[in-house]
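One structure is given below, encoded as structure tokens.
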Protein chains: 2
Amino acid sequence: MPNPSHLRQSPQLVSLGGAIRTLRLAAGLSQEELAHLAEVDRSYLGRVERGDNNVAVMTLCQIARALDVSGAQLLELAQL
Amino acid sequence: MPNPSHLRQSPQLVSLGGAIRTLRLAAGLSQEELAHLAEVDRSYLGRVERGDNNVAVMTLCQIARALDVSGAQLLELAQL
DNA sequence: TTGTGACTTTCAGTCCGTC
DNA sequence: TGACGGACTGAAAGTCACA
């Protein structure tokens, strides 16, 4: 695995998390509200926003949908 | 989890796999060659192309880079 | 409202094969 | 060359309590 994840917070994951946070705040949602919409745990969503977790595509798309954007748009915002 | 993944081959993963395959063939690469470029296992890449595996974002981006596209472009091609 | 630690379960991802 | 499988390890996914 190229991303040993002992090395957490890779710049890319931090960037992705930032994009999610930006969209969430723009939508005026709390982590808890977005977590509910995306059907994930609040604390898990928090970790994703901080770049502490390497999200799977399906989960990424759930979060994207909850933010009313496509997965592609989300990655684009994160410049990935 | 909305995608129990015991129920493998969700339409989205199949679509993503198809997009990867399309780009790979367009580049004239074998699964093994792309797997080597993306630094993932050949059998794993095969499963991803068939939609049998829920890829993580970091891995997705590695594969995208190996195909000379961005992660966002890859998701866009898969309409995710 | 969010960050974090501790924990468990499920699966991503590797390595070995065969057809 | 690719489909597909078994067995394995580390990490993604999910839960809860507490600061």
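Reminder, nothing fancy here: chain letters follow the sequence lines and each chain counts from 1.
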Checklist line | salt bridge (charged side-chain N to carboxylate O under 4.0 Å, His left out) partners of B:R47, counting only residues at least two apart | finding: none
Notebook entry, point to check: Within less than 4.0 Å of OP1 or OP2 of C:dT4, is there a side-chain N or O belonging to A:R50?
Noted result: yes
Check: Roughly, in whole Å, what's the span from CG in B:L34 to P in D:dT1?
Finding: 13 Å
Note to self: Expected output check: what is the dot-bracket annotation of DNA chain D, where ( ) and [ ] are pairs inside the strand (brackets for crossing ones), | is paired with another strand, and pairs are Watson-Crick or G-U under 3.5 Å?
What the structure shows: .||||||||||||||||||
Margin query: Strictly distance-based, threshold 3.5 Å: is any side-chain N or O of A:T22 a donor or acceptor partner for the main-chain N or O of A:G18?
Written below: yes
Notebook entry, point to check: Sub-3.5 Å donor-acceptor pair from the side chain of B:N54 to the main-chain atoms of A:M58, do we have one?
Noted result: yes
Note to self: Nearest whole Å is fine: how far is C:dG5 P from A:Y44 OH?
What the structure shows: 17 Å
Next item on the list: Check whether any side-chain heavy atom of B:T59 lies under 4.5 Å from a side-chain heavy atom of B:V48, and answer yes or no.
Entry: no
Checklist line | With A:L37 via side chain to side chain contact (heavy atoms under 4.5 Å, CB included) - residues at least two apart | finding: A:L29, A:A66
Next item on the list: Provide, to the nearest angstrom, the distance between the CG atom belonging to A:D52 and the P atom belonging to C:dG3.
Entry: 9 Å
Notebook entry, point to check: Rounded to whole angstrom units, what separation is found between the CG atom of A:L60 and the P atom of D:dA12?
Noted result: 14 Å
Next item on the list: Using side chain to side chain contact (heavy atoms under 4.5 Å, CB included) as the criterion, list what pairs up with B:S30, not counting sequence neighbours.
Entry: B:E32, B:E33
Notebook entry, point to check: At their closest point, which heavy atom of A:V40 faces which heavy atom of A:Q62, and how far apart are they?
Noted result: CG1-NE2, 3.8 Å
Margin query: Listing request: all salt bridge (Lys or Arg N to Asp or Glu O under 4.0 Å) pairs with a residue in residues 12-28 of chain B, at least two apart in sequence or in separate chains.
Written below: B:R21-B:E49, B:R24-B:E49
Next item on the list: Indicate the atoms forming the closest heavy-atom contact of A:Q31 with A:L45, along with that distance.
Entry: O-CD2, 3.3 Å
Note to self: With nearest nucleotide decided by heavy atoms, which residue, B:A56 or B:G46, maps closer to the 5′ end of DNA chain D?
What the structure shows: B:G46
Next item on the list: May I have the distance from B:L13 (atom CG) to C:dA12 (atom C1'), rounded to whole angstrom?
Entry: 12 Å
What donor-acceptor contacts under 3.5 angstrom involve side-chain atoms of residues 72-80 of chain A, with partners at least two apart or in another chain?
| residue | atom | partner | partner atom | Å |
| --- | --- | --- | --- | --- |
| A:Q73 | OE1 | A:S70 | N | 2.8 |
| A:Q73 | OE1 | A:S70 | OG | 3.4 |

Notebook entry, point to check: Any side-chain N or O of B:N54 less than 4.0 Å from the OP1 or OP2 oxygen of C:dC11?
Noted result: no
Listing time: all N or O pairs from protein to nucleotides 16-19 of chain C that are below 3.5 Å?
| residue | atom | partner | partner atom | Å |
| --- | --- | --- | --- | --- |
| C:dC16 | N4 | B:R42 | NH2 | 3.4 |
| C:dG17 | N7 | B:R42 | NH2 | 3.3 |
| C:dG17 | O6 | B:R42 | NH1 | 3.2 |
| C:dG17 | O6 | B:R42 | NH2 | 3.2 |

Notebook entry, point to check: How close or far is atom C1' of D:dA12 from atom CD1 of A:I63, stated in whole angstroms?
Noted result: 12 Å
Next item on the list: Grab the two heavy atoms, one from B:V57 and one from A:V55, that are nearest each other, plus how far apart they are.
Entry: CG2-O, 2.5 Å
Margin query: Any residue in residues 23-31 of chain B with a heavy atom nearer than 4.0 angstrom to DNA chain D? Just list them by number, or reply none.
Written below: B:R24, B:S30, B:Q31
Note to self: How many whole angstroms separate atom NE2 of B:H36 from atom C1' of C:dC15?
What the structure shows: 16 Å
Check: In whole Å, what is the span from the CD atom of B:E49 to the C1' atom of D:dA3?
Finding: 11 Å
